[in-house]
Amino acid sequence: AVYVVCQFFVYEDKIDAFKKAAIDVVQNTNREEGCLFYNLHQAKGKKKDIFFMFEKWTSQKCLQRHSNSAHVGRFRQAVGKNNFFKADKILSITSDDIFNVENNNIDTGSNKSEIYNFVQLTIANDKIDEFIGATKGIVQGTNKEDGCFAYNLTQDVNESNKFWFLEKWASPKYLPGHSKQPHAKEFIAKLTKNRYTAAKTRMFMVSGPLVPLNNRSRL
């Protein structure tokens, strides 16, 4: 399986029109063969002009077929006609979860307070294996925390030194407690001491899915 994290930068006066065009592609894509989920999210805080398509597919072959679908064609036409974007989109295709860690917290899918975190790290090429090893403890520990529905590490399939933490939480109120956990403190200490990163870390807190669907993200 592969994940897709696609970031859009939308002009503020065109947000409503963008959402309308996106709803069509979201609803139809979630009916496609090979689509495990395909959700639209909006950044929290002052960055409400930033949107994400967050996707998971059984294979890159299914993802490629999706790019040639009629509803993607309609979305591209709407983009060309309405000039939604102030900057080029940023697209990342990543591996399935590096660590197959079970999360036993019950996600009913009806929590309006839920949030997602998308965190991208660029790692020095000579420290990739060491970095992956250092993340195992925080991935295992965080998936046992109250309020955490998913906390996974994935690797970009095209740029092997780029990684994403893909997180889902019941509410933002759980995040301060997460940062105080021993596994989180240990990971941050390793990250700082060993200087794994080769560029500034990019972190986005986003809404839950904007389009209500039965096929929801379980990560």
Side-chain angles (χ1 to χ4, degrees), residues 1-5 7 36-37 39 41-47 50 52 54 56 92 94-157 159-209 216-219:
V2 294
Y3 289 99
V4 176
V5 182
Q7 186 178 358
L36 299 175
F37 61 76
N39 295 328
H41 303 261
Q42 186 174 14
K44 294 279 193 179
K46 297 180 180 180
K47 299 178 180 179
I50 298 177
F52 287 85
F54 182 39
K56 189 173 185 180
S92 296
T94 80
S95 66
D96 203 350
D97 309 329
I98 292 176
F99 303 109
N100 187 19
V101 177
E102 187 174 358
N103 185 306
N104 293 316
N105 291 327
I106 298 175
D107 177 10
T108 63
S110 61
N111 183 4
K112 294 182 179 180
S113 299
E114 71 181 14
I115 57 102
Y116 291 64
N117 282 335
F118 302 141
V119 184
Q120 187 191 58
L121 299 95
T122 302
I123 305 302
N125 288 321
D126 61 342
K127 296 186 176 182
I128 289 175
D129 290 343
E130 186 180 348
F131 166 76
I132 292 173
T135 62
K136 188 172 183 179
I138 192 171
V139 172
Q140 290 178 329
T142 304
N143 275 286
K144 297 176 183 177
E145 290 182 37
D146 289 341
C148 176
F149 293 140
Y151 191 95
N152 299 323
L153 179 71
T154 69
Q155 185 174 19
D156 194 296
V157 300
E159 298 179 82
S160 61
N161 68 327
K162 291 188 177 181
F163 294 80
W164 287 88
F165 281 110
L166 304 176
E167 314 172 23
K168 183 178 181 181
W169 296 85
S171 166
K173 72 179 183 180
Y174 292 100
L175 298 180
H178 163 65
S179 65
K180 297 175 183 177
Q181 294 293 323
H183 46 264
K185 289 183 177 180
E186 180 182 359
F187 173 69
I188 295 301
K190 289 180 179 178
L191 197 65
T192 304
K193 178 182 178 181
N194 298 303
R195 298 183 180 180
Y196 294 136
T197 57
K200 185 178 180 180
T201 297
R202 301 170 59 236
M203 177 176 177
F204 297 91
M205 180 187 294
V206 305
S207 68
R216 291 178 53 84
S217 168
R218 301 296 177 182
L219 295 193

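When reading the values below, keep in mind they use all heavy atoms of this one structure, side chains included, and skip hydrogens, waters and symmetry mates. For reference, positions follow the sequence shown, starting with 1. All values reported here derive from a predicted model rather than from experimental measurement.
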Side-chain contact, heavy-atom cut-off 4.5 Å: S92 with K162?
no
Can a donor-acceptor pair be found, under 3.5 Å and without considering hydrogens, that links the side chain of S207 to the backbone of Q42?
yes
Determine yes or no for a side-chain-to-main-chain donor-acceptor pair under 3.5 angstrom, with N161 supplying the side chain and N125 the backbone.
no
Are E167 and T142 close enough that some pair of their side-chain heavy atoms sits under 4.5 Å apart?
no
Straight-line distance of N105 CG to K168 NZ, nearest 0.5 Å:
11.5 Å
Does H41 form a ring-ring contact (aromatic ring centres under 6.0 Å, His included) with F204? I'd like the steps, not just the answer.
CA-CA 11 Å; H41 303 261; F204 297 91; over 10 Å; no
Closest approach of G137 to H183 (non-hydrogen atoms, all atoms of both residues)
O-CB, 3.8 Å
Are L166 and F118 packed together at the side-chain level, in the sense that at least one heavy-atom pair is separated by less than 4.5 angstrom?
yes
For the OG1 atom of T94 and the CZ atom of F163, what is their distance to the nearest 0.5 Å?
10.5 Å
Heavy-atom closest pair (T135 atom, L153 atom, distance to 0.1 Å) is OG1-CD2, 3.2 Å
Check whether any side-chain heavy atom of N152 sits under 4.5 Å from a side-chain heavy atom of V101, and report yes or no.
no
Which pair of non-hydrogen atoms, one from A198 and one from A124, has the smallest distance, and what is that distance?
CB-N, 3.8 Å
Backbone N or O of Y151 within a donor-acceptor pair of the N143 side chain at under 3.5 Å?
yes
Can you tell me how far CD1 of I188 sits from CD1 of I138, rounded to the nearest 0.5 angstrom?
6.0 Å
Are I123 and T197 close enough that some pair of their side-chain heavy atoms sits under 4.5 Å apart?
yes
Evaluation steps, side chain to side chain contact (heavy atoms under 4.5 Å, CB included), between N117 and F165
CA-CA 8 Å; N117 282 335; F165 281 110; over 6 Å; no
Does NZ belonging to K127 count more than 12 external heavy atoms closer than 6.0 Å?
yes
Let's go through D96 and T154 carefully: what are the C-alpha distance in whole Å and the side-chain angles of both, what is the deciding distance for side chain to side chain contact (heavy atoms under 4.5 Å, CB included) to 0.1 Å, and is it a yes or a no?
CA-CA 6 Å; D96 203 350; T154 69; over 6 Å; no
Is it the case that the side chain of S179 and the backbone of P176 share a donor-acceptor pair, with hydrogens and angles ignored and the cut-off at 3.5 Å?
yes
Taking the side chain as C-beta and beyond, is there a heavy-atom pair between Y196 and E130 under 4.5 Å?
yes
Test log, rule side chain to side chain contact (heavy atoms under 4.5 Å, CB included), inputs R202 and Q7
CA-CA 12 Å; R202 301 170 59 236; Q7 186 178 358; 2.5 Å; yes
Under 3.5 Å donor-acceptor, Q155 side chain and S95 backbone
no
Given F131 and L191, is the side chain to side chain contact (heavy atoms under 4.5 Å, CB included) satisfied, shown in steps?
CA-CA 8 Å; F131 166 76; L191 197 65; 4.2 Å; yes
State the CZ-OH distance between F54 and Y3, to the nearest 0.5 angstrom.
6.0 Å
Gap separating the CG atom of D146 from the NZ atom of K173, nearest 0.5 angstrom:
10.0 Å
Quick one: does L175's side chain get under 4.5 Å of M205's, heavy atoms only?
yes
Look up atom OG1 in T192 and atom CZ in F187, then write down how far apart they are to the nearest 0.5 Å.
9.0 Å
Taking N103 for the side chain and C148 for the main chain, is one N or O donor matched with an acceptor at less than 3.5 Å?
yes
Search all heavy atoms of D156 against all heavy atoms of E159 and return the closest pair with its distance.
OD1-N, 3.0 Å
Would you say E145 and W169 make side-chain contact, with heavy atoms under 4.5 Å?
yes
